[in-house]
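Order of the sequence lines sets the chain letters (A, B, ...), proteins ahead of strands, with each chain counted from 1.
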Amino acid sequence: MEPSLARSQIIGGMIWGIGQALFEESRVYPRTGHWTNANLAEALIPTRADIPRIDVAFVPEDDRANHPIGMKGLGEIGVVGPAPAIANALFDATGQRHRSLPLTIDARITAMEAI
Amino acid sequence: MDRTFRINGHDHALTIDPRDILLEILRDRLNLTGTKKGCDHGQCGACTVLSDGKRILSCLQLGATQKGEVNTIEGLTGPDGALHLMQAAFVRHDALQCGFCTPGQILSSVACVAEGHATSAADVRAWMAGNLCRCAAYPNIVAAVLDMAGVTEAAE
């Protein structure tokens with residue numbers, strides 16, 4: 001096991017999750033079925049300036065039920081938590097419960113108008 | 001048209017088309033394939049090279065109008081193959097995953113430190129925001145740059 005690589009994978013996953021929650025969207029023009037934002041200026045992904053300090057804490061576990069040598073695979077699993085955490089934080093702050101991502105400002109305005 | 005390019009300390013006399021882009025001259029004519037073509041639109045930073053020490057996007061630079069000496073990732077390594085200190089810092093901090101953006105990230109980091117823009121994590125994030133990393137190695141890259149700049153940051 002290489003702990004620094006595991007940490008880097010989890011950092012990467014968490015930043016993907018932040019992107020999923022706040023920026024990332026593939027838009028399709030319904031008439032032609034073509035992407036309307038197929039470039040990095042319009043299909044936003046997190047840049048360095050979007051990402052604050054990231055902490056990673058592992059809870060070590062020797063899980064022989066999962067695998068005879070007690071290990072677990074690890075990769076993009078870090079992507080799971082951030083979007084629900086950010087959506088719940090938005091709910092806590094505004095009372096708006098969003099059911100779709102990303103949580104862009106225009107999505108929030110649309111949700112407010114629907115109330 | 002005939003042009004002489006000074007790249008990594010060597011002169012290269014080439015006959016180029018006026019439409020040739022510096023990135024393609026580096027990769028296709030001089031076989032310096034360390035410089036990567038990402039988006040080819042100036043949106044991702046993968047093709048970053050140094051021109052007289054200033055970082056430029058080689059995918060947006062016409063070869064015909066390139067004036068300064070160009071430094072690419074190949075030029076950072078010492079003559080004996082030793083890693084540049086910034087390359088070593090990237091290795092130490094595991095500041096890459098797939099590595100495609102890394103040549104651009106490293107050249108941008110070298111320039112960021114030289115410009116005096118690596119005084120804090122917030123500074124590095126702002127001054128290197130133009131180099132995208134889809135593997136999202138950003139925190140480790142910031143750590144490598146601050147390490148090279150000799151900045152020790154208390155937890156924010």
Original post:
Within a strict 4.5 Å, meaning less than it, do heavy atoms of the B:P139 and A:I15 side chains meet?
Top reply: yes
Subject >> Closest contact, heavy atoms only, A:P46 versus B:L132 >> reply: O-CD2, 4.4 Å
**OP:** Check the surroundings of atom CZ in B:R19: do more than 12 heavy atoms from other residues, nucleotides or ligands lie under 6.0 Å from it?
**Re:** no
Original post:
Honestly curious: do B:L57 and B:L22 fall in one hydrophobic cluster under the side-chain, below-4.5 Å linking rule?
Top reply: no
**OP:** Measure distances from A:D50 to the heavy atoms of chain B and classify the residue's part below 4.5 Å as side chain, backbone, both or neither.
**Re:** neither
Subject >> Shared hydrophobic cluster for B:V124 and B:W127 (ILVMFWY, side-chain gaps under 4.5 Å) >> reply: no
**OP:** Please report the shortest heavy-atom distance between B:A129 and A:T47, naming the atom on each side.
**Re:** O-CB, 3.6 Å
Original post:
Looking only at heavy atoms, what is the nearest atom pair of B:V142 and A:R48, with distance?
Top reply: CG2-CD, 3.8 Å
**OP:** Could you tell me whether B:R134 sits above the aromatic face of A:W16, with NZ or CZ closer than 6.0 angstrom to the six-membered ring centre and within 45 degrees of the axis?
**Re:** yes
**OP:** For residues B:Q43 and A:A41, report the shortest heavy-atom separation together with the two atoms involved.
**Re:** NE2-CB, 3.1 Å
Original post:
Side chain, backbone, both or neither: which part of B:N140 has a heavy atom under 4.5 Å from chain A?
Top reply: side chain
Original post:
Counting only heavy atoms not in A:I77, do more than 12 sit closer than 6.0 Å to its CD1 atom?
Top reply: no
**OP:** Flag the one option from A:I45, A:I18, A:D55 with the top tally of heavy-atom pairs under 4.5 Å to chain B.
**Re:** A:I45
Subject >> Same apolar cluster: B:L85 and B:L76, side chain cutoff 4.5 Å >> reply: yes
Original post:
When rounded to the nearest 0.5 angstrom, what is the spacing between CD in A:E2 and CG in B:D94?
Top reply: 7.5 Å
Original post:
Does any heavy atom of chain B fall under 4.5 Å from the side chain of A:E76, the backbone, both, or neither of them?
Top reply: neither
Original post:
So how far is it from A:I51 CD1 to B:C133 SG, rounded to the nearest 0.5 Å?
Top reply: 10.5 Å
Subject >> Shared hydrophobic cluster, B:Y138 / B:L146 (ILVMFWY, side-chain heavy atoms < 4.5 Å) >> reply: no
Original post:
Under 4.5 Å between side-chain heavy atoms, hopping through other hydrophobics if needed: is there a path connecting B:V49 to B:I7?
Top reply: yes
